[in-house]
**Q** 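This is the structure I want to talk about, given as structure tokens.
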Amino acid sequence: MVETTKTSQDRIWQVIHQIPHGKVATYGQVALLAGMPSHARLVGRILSQLPSETKLPWHRVLNSQGRITNPGRERQQSRLEAEGVTLINGRVSLKVYGWEP
DNA sequence: TGTTTGACGGACA
DNA sequence: CTGTCCGCCAAAC
């Protein structure tokens, strides 16, 4: 099958889909793993366009400070806690929950 | 084809 | 600790 040029969006989706349950990754990390260093903002833009029925664990993506930066942070927080990720003062300890591929 | 945008990152005060 | 500023650069307009 011919690999048509995948959009960066496809790669980013694929990377996020690899984040293990109960772990979290940063935007910069996702961009890096997608082969696009310094494109953290692009990751955020793409996530903002995700359909509500998406299968992607977008809630496991945080900023470099382990903080939720998104319009529906409260909902994201409950999803994370439902996976065993504890937030302290609206923050996640990347030291503990950071995804290390 | 040019300009603006942005779920970021990191440095600095 | 909080807030501000600038750099990055594809996508959206």
Side-chain angles (χ1 to χ4, degrees):
Chain A
M1 85 191 241
V2 284
E3 275 304 330
T4 53
T5 308
K6 280 189 176 178
T7 61
S8 50
Q9 174 180 104
D10 289 322
R11 291 189 233 178
I12 290 171
W13 279 345
Q14 208 151 13
V15 172
I16 295 176
H17 196 264
Q18 295 174 54
I19 304 176
H21 178 279
K23 298 272 183 165
V24 298
T26 68
Y27 293 94
Q29 186 176 13
V30 172
L32 185 66
L33 292 173
M36 308 179 75
S38 76
H39 279 66
R41 308 180 76 159
L42 186 53
V43 176
R45 179 190 295 286
I46 290 170
L47 289 192
S48 71
Q49 296 171 359
L50 282 177
S52 52
E53 60 268 47
T54 183
K55 234 18 178 110
L56 289 174
W58 57 270
H59 52 274
R60 295 182 191 149
V61 184
L62 310 172
N63 69 9
S64 64
Q65 297 174 31
R67 214 188 255 287
I68 297 175
T69 316
N70 120 16
R73 46 188 148 152
E74 292 182 12
R75 198 178 64 190
Q76 179 169 10
Q77 180 172 339
S78 18
R79 279 177 182 250
L80 287 173
E81 296 189 322
E83 297 193 344
V85 178
T86 304
L87 281 81
I88 300 173
N89 295 326
R91 230 162 145 171
V92 174
S93 173
L94 296 176
K95 185 90 170 182
V96 177
Y97 302 105
W99 175 41
E100 296 166 23

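Sequence lines set the chain letters: A, B, ... in the order given, protein chains first and strands last, and positions in each chain run from 1. Keep in mind that this is a model prediction, so the values were computed, not measured. Below, all heavy atoms of this structure are taken into account, side chains as well, without hydrogens, waters or symmetry copies.
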**Q** Does atom CD of E81(A) have more than 12 heavy-atom neighbours from other groups under 6.0 Å away?
**A** yes

**Q** Taking side-chain hydrogen bond (donor to acceptor under 3.5 Å, both in side chains) as the test, write out the residues that go with Q18(A), two or more places apart.
**A**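 Residues passing side-chain hydrogen bond (donor to acceptor under 3.5 Å, both in side chains) with Q18(A): none at all.
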
**Q** Backbone N or O of R75(A) within a donor-acceptor pair of the S78(A) side chain at under 3.5 Å?
**A** yes

**Q** When you measure from the side chain of R67(A) to the backbone of R91(A), do you find a donor-acceptor pair of N or O atoms at a distance under 3.5 Å?
**A** no

**Q** Check whether any side-chain heavy atom of H21(A) sits under 4.5 Å from a side-chain heavy atom of R60(A), and report yes or no.
**A**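 Yes; the side chains approach each other to less than 4.5 Å.
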
**Q** Holding to side-chain hydrogen bond (donor to acceptor under 3.5 Å, both in side chains), I want the full list of residues that pass it with H59(A), two or more places apart in sequence or in another chain.
**A**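 Partners of H59(A) under the side-chain hydrogen bond (donor to acceptor under 3.5 Å, both in side chains) test: E83(A).
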
**Q** Applying side-chain hydrogen bond (donor to acceptor under 3.5 Å, both in side chains), can you list everything that pairs with S64(A), at least two apart in sequence or on another chain?
**A**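 For S64(A), no residue satisfies side-chain hydrogen bond (donor to acceptor under 3.5 Å, both in side chains) once neighbours in sequence are set aside.
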
**Q** Between dC8(C) and R41(A), counting only base atoms on the nucleotide and side-chain atoms on the residue, is there a donor-acceptor pair under 3.5 Å?
**A** yes

**Q** Could you go through V61(A) and I19(A), starting from their C-alpha distance and side-chain angles, then the distance that decides it, and tell me whether this counts as side chain to side chain contact (heavy atoms under 4.5 Å, CB included)?
**A** CA-CA 9 Å; V61(A) 184; I19(A) 304 176; 4.0 Å; yes

**Q** According to side chain to side chain contact (heavy atoms under 4.5 Å, CB included), who are the partners of A40(A), at least two apart in sequence or on a separate chain?
**A** Y27(A)

**Q** Can you name the side-chain hydrogen bond (donor to acceptor under 3.5 Å, both in side chains) partners of Q76(A), sequence neighbours left out?
**A** N70(A)

**Q** By a strict heavy-atom criterion of less than 4.0 Å, which residues belonging to residues 30-39 of chain A are in contact with DNA chain C?
**A**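 Per residue number, the list reads S38(A), H39(A).
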
**Q** Considering only nitrogen or oxygen atoms on both sides, find all protein atoms under 3.5 Å from nucleotides 11-13 of chain C and state each distance.
**A**
| unit_1 | atom_1 | unit_2 | atom_2 | d |
| --- | --- | --- | --- | --- |
| dA11(C) | OP1 | S8(A) | OG | 3.1 |
| dA12(C) | OP1 | Q49(A) | OE1 | 3.2 |
| dA12(C) | OP1 | Q49(A) | NE2 | 3.2 |

**Q** Tell me, which pairs form a salt bridge (Lys or Arg N to Asp or Glu O under 4.0 Å) where one or both residues lie in residues 31-55 of chain A, sequence neighbours left out?
**A**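 Pairs touching residues 31-55 of chain A that pass the test: none.
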
**Q** Would you jot down, in residue-number order, the residues of residues 84-101 of chain A having a non-hydrogen atom under 4.0 Å from DNA chain B?
**A** none

**Q** Please confirm whether the backbone N or O of W13(A) pairs with a side-chain atom of D10(A), one donor and one acceptor, at under 3.5 Å?
**A** no

**Q** Heavy atoms, side chains only, cut-off 4.5 Å: are I88(A) and S93(A) in contact?
**A**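 No, side chains not in contact.
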
**Q** Return the residues of residues 63-80 of chain A meeting this criterion: a heavy atom under 4.0 Å from some atom of DNA chain B. Order them by number, or give none.
**A** N63(A), S64(A), T69(A), N70(A), P71(A)

**Q** List, by chain and number, the other hydrophobic cluster members for V24(A), where Ile, Leu, Val, Met, Phe, Trp and Tyr join if side-chain heavy atoms come within less than 4.5 Å, directly or indirectly.
**A**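 Listed partners: L62(A), I68(A), L80(A), V85(A), L87(A), V92(A), L94(A), V96(A), Y97(A).
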
**Q** Can you give me the first and the last nucleotide of DNA chain B (5' to 3') that has an atom within less than 4.0 angstrom of a non-hydrogen atom in chain A?
**A**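 Endpoints of the contacted stretch of DNA chain B: dT5(B) to dG10(B).
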
**Q** Using only atom types and a distance under 3.5 Å, with no angle test, would you say the side chain of H17(A) pairs donor to acceptor with the backbone of V15(A)?
**A** no

